Amino acid sequence: MTVRDETDDEEKKPGISWRLRLIIGGLLLVAIATVLVTNRWMSERFTDTTRSRAEVRLALYSGNMLSELQRNSVVPLLLSRDASLIGALASDDFSATSQRLISFQTEIGAASLSLLDIDGKVVGATNRNILGTTYRNERFFVEAMRDNETVFTATQREGGGYDFTYSRAVMQDNRIIGVVAVAVDLMKYERAWAGLQDAVLVTDSDGIVILATEPRWRGLELSQALAVQDPPSAIRRAFQFTADWAQDPPDAYLGGEGVLRTDARVPFRGWRLVTFTAYDSVRERVNTVLAMEIMGFAILLAATFYLLSRRAWSQSMSFQRESAELRMLNQRLRREIAEREKVQKDLAVAETTLAQSSKLAALGEMSAAVSHELNQPLAAMKTYLAGARLLLQRKRPEEAMSSFQRIDDLIERMGAITRQLKSYARKGGEAFEPVDMRHCVSAALSMMEPQLKVRVVRINRSLPKSPVMVLADRLRLEQVIINLLRNALDATKAVADPQIDIGVSVGSNASLTVRDNGTGIADLENLFEPFYTTKKPGEGVGLGLAISSGIVKDLGGRLTARNADGGGAVFEVQLPLLGNKIEAAE
């Protein structure tokens, strides 16, 4: 009963811990969602309020500027009809002209007034410094001479500012005798806007900035003006604390900071008035509310963690019991590891036994063909002996010796066949010795010759002229080559014109390739797994390639397989060259 109660308590504690984690996670998610929703809602609300205020200010700016333009637009018409100015132009007597214009300026409140003769020369002006200056090629003079009405021109000065001028031709007897020009002081609004937090600019009908709180914007298109960065400019200082994440996305960027953009059309020659307002006030009010929300959630989380900390002492006993169980589990794992190591050693012994069994199975398959191969020289020997007996009876010993020599060659061939079979049947040990891969290929082909004669198979052999020396067990290497040749023969059974290409090449390693024109390999991933085979029952158990791969790995190389581009399969054995392997061992 005691053990059961402790087990029940341990089962309950993980459930409580899981529920507490879920509560804390839910509380965090609620806090994050509340902060995000509050930030979004309040940002939109305060942004709308800021935008409304900016629109009101924009309407005020537009009305003041339009009033100034309209007030100055009627002045050229009045001056062009002044009798004293017309008489001065007709008589070329301009002694009192400037004084009269100064009196008009005081009454009208214009920026400056000037009178030009038909040649564009200033003959009277409120600014006496320009008397005698010629404006024959200026736009306000040319357009006034061309049109019999009041014209408005905006001309950019060399310093970057603009001159705004109303001009009109002075007529006498339907003949132009001069031009009167009235300068409009719109720069005073620009100076007034420069003291505000908002950035303000005015564009003409072509989108060129003609008035702006940032002097470098004048003469640029709006997009180019917004790209100008000249720290520390007045606009940069005005918006350096702006947080552009208050809007998604901001209306525009000034110096890399997001701002609120407000546009208004000025009912004068297609002009537009644009203001950019920082989000500072919006962000401050939103951050105040968010700080209060975050503080409330922080207090709630602190209370939750305080309650959780009180349960920590009760969990310490559970942790001690778990540590004891882990130590016991560690001991069991050690025993299992020892058992697995023993099983792996047994598997290595079984693999060696299976490799020898595979060799003996291959030897049994070759025995029938080899017996046929031995019968042929035996029959030939019988024929040569009968011929030699007749030659000796006919007293022709020299020709009889030739027959005996042929018999001796046949006996040597039979001995070579039997030696190859006996060496192949023996187990390969760890007797590594310098081996020429060309000789291993020749020996393997010699042992496979009886099987190759059963079917018509084209063998293409490509071997280098110089030796290709590797440090290996010759018998095991020949076993690998024979396994690869047997697989190639099996793969070409269903091919009309079977062909096997075997070649040896030398690079950084010694490479042996066996290629066939069979059906290829369907499953390259499991090809070298033990007992994996695509042959019919009774034709193979799927150990040849697995054993060959293990042999090549023991020799310090690797066995790979791939499908050829033109069809068939390619097996490649790579072994270290003799010199490279000796250096690596040293």
Side-chain angles (χ1 to χ4, degrees), residues 359 362-363 366 369-370 373 409 412-413 415-426 428-453 457-489 491-492 498-517 544-545 547-562 564 568-585:
K359 290 170 58 177
L363 185 64
M366 291 189 292
V370 170
E373 185 69 15
D409 293 340
E412 180 64 25
R413 175 176 175 81
I417 293 174
T418 55
R419 284 195 301 273
Q420 290 173 356
L421 290 176
K422 287 188 293 183
S423 64
Y424 187 72
R426 291 197 302 269
E430 297 297 333
F432 284 13
E433 59 182 351
V435 177
D436 189 351
M437 291 187 69
R438 302 179 306 164
H439 296 166
C440 293
V441 172
S442 300
L445 289 173
S446 177
M447 282 187 283
M448 291 293 296
E449 185 176 357
Q451 294 184 2
L452 294 175
K453 288 184 177 180
V457 181
R458 182 179 180 181
I459 304 295
N460 296 326
R461 181 168 52 177
S462 175
L463 303 176
K465 296 182 179 179
S466 58
V468 182
M469 304 302 295
V470 296
L471 189 64
D473 185 342
R474 182 178 58 83
L475 296 179
R476 300 181 73 188
L477 182 56
E478 291 177 0
Q479 178 185 356
V480 171
I481 300 174
I482 291 174
N483 285 341
L484 295 180
L485 289 173
R486 290 178 60 197
N487 284 340
L489 286 173
T492 56
Q499 176 178 325
I500 299 175
D501 299 328
I502 181 169
V504 177
S505 61
V506 179
S508 57
N509 296 316
S511 178
L512 168 69
T513 58
V514 177
R515 175 176 178 174
D516 60 72
N517 62 343
L545 289 177
I547 293 173
S548 299
S549 178
I551 292 174
V552 174
K553 188 179 295 183
D554 292 341
L555 299 179
R558 63 174 183 171
L559 173 61
T560 59
R562 67 179 186 276
V570 179
F571 289 86
E572 183 176 5
V573 177
Q574 290 188 357
L575 294 174
L577 291 171
L578 179 60
N580 298 339
K581 191 163 186 178
I582 293 176
E583 291 176 359

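We use all heavy atoms of the structure for the numbers below, so side chains are in, but hydrogens, waters and symmetry mates are not. Nothing here was measured: the structure is a model prediction, and the numbers come from that model.
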How about [X] and [Y]: do any of their side-chain heavy atoms sit closer than 4.5 Å?
X      : Y      : result
Ile551 : Gln479 : yes
Val514 : Asp501 : no
Asp516 : Val570 : no
Arg515 : Ile500 : no
Arg461 : Leu463 : yes
Arg558 : Ser549 : no
Ile502 : Ser462 : no
Val435 : Leu471 : no

TODO: Might you work through the side chain to side chain contact (heavy atoms under 4.5 Å, CB included) test for Asn483 and Ile481, ending with a clear yes or no?
DONE: CA-CA 5 Å; Asn483 285 341; Ile481 300 174; over 6 Å; no
[atom2] on [Y] to [atom1] on [X], rounded to 0.5 Å:
X      : Y      : atom1 : atom2 : value
Cys440 : Asp473 : SG    : CG    : 9.5 Å
Leu485 : Phe571 : CG    : CZ    : 11.5 Å
Phe432 : Arg476 : CZ    : CZ    : 6.5 Å

- [ ] Classify the side-chain pair Ser511/Glu572 by whether it contains a donor and acceptor separated by less than 3.5 Å.
- [x] yes
If you compare all heavy atoms of [X] against all heavy atoms of [Y], which two are closest, and at what distance to 0.1 Å?
X      : Y      : answer
Leu577 : Ser508 : CD1-O, 4.2 Å
Ala510 : Val468 : CB-CG1, 3.7 Å
Leu477 : Met437 : CD2-CG, 4.5 Å

Task: Worked verdict on Leu512 versus Val480 for side chain to side chain contact (heavy atoms under 4.5 Å, CB included) - done: CA-CA 11 Å; Leu512 168 69; Val480 171; over 6 Å; no
TODO: Please list all pairs passing the salt bridge (Lys or Arg N to Asp or Glu O under 4.0 Å) test where one or both residues lie in residues 434-448, with sequence neighbours left out.
DONE: Asp436-Arg438
TODO: Apply side chain to side chain contact (heavy atoms under 4.5 Å, CB included) to the pair Gln499 and Val457, showing each step before the final yes or no.
DONE: CA-CA 6 Å; Gln499 176 178 325; Val457 181; over 6 Å; no
TODO: Mind running side chain to side chain contact (heavy atoms under 4.5 Å, CB included) on Thr492 and Asn517 for me, showing each step along the way?
DONE: CA-CA 7 Å; Thr492 56; Asn517 62 343; 3.4 Å; yes
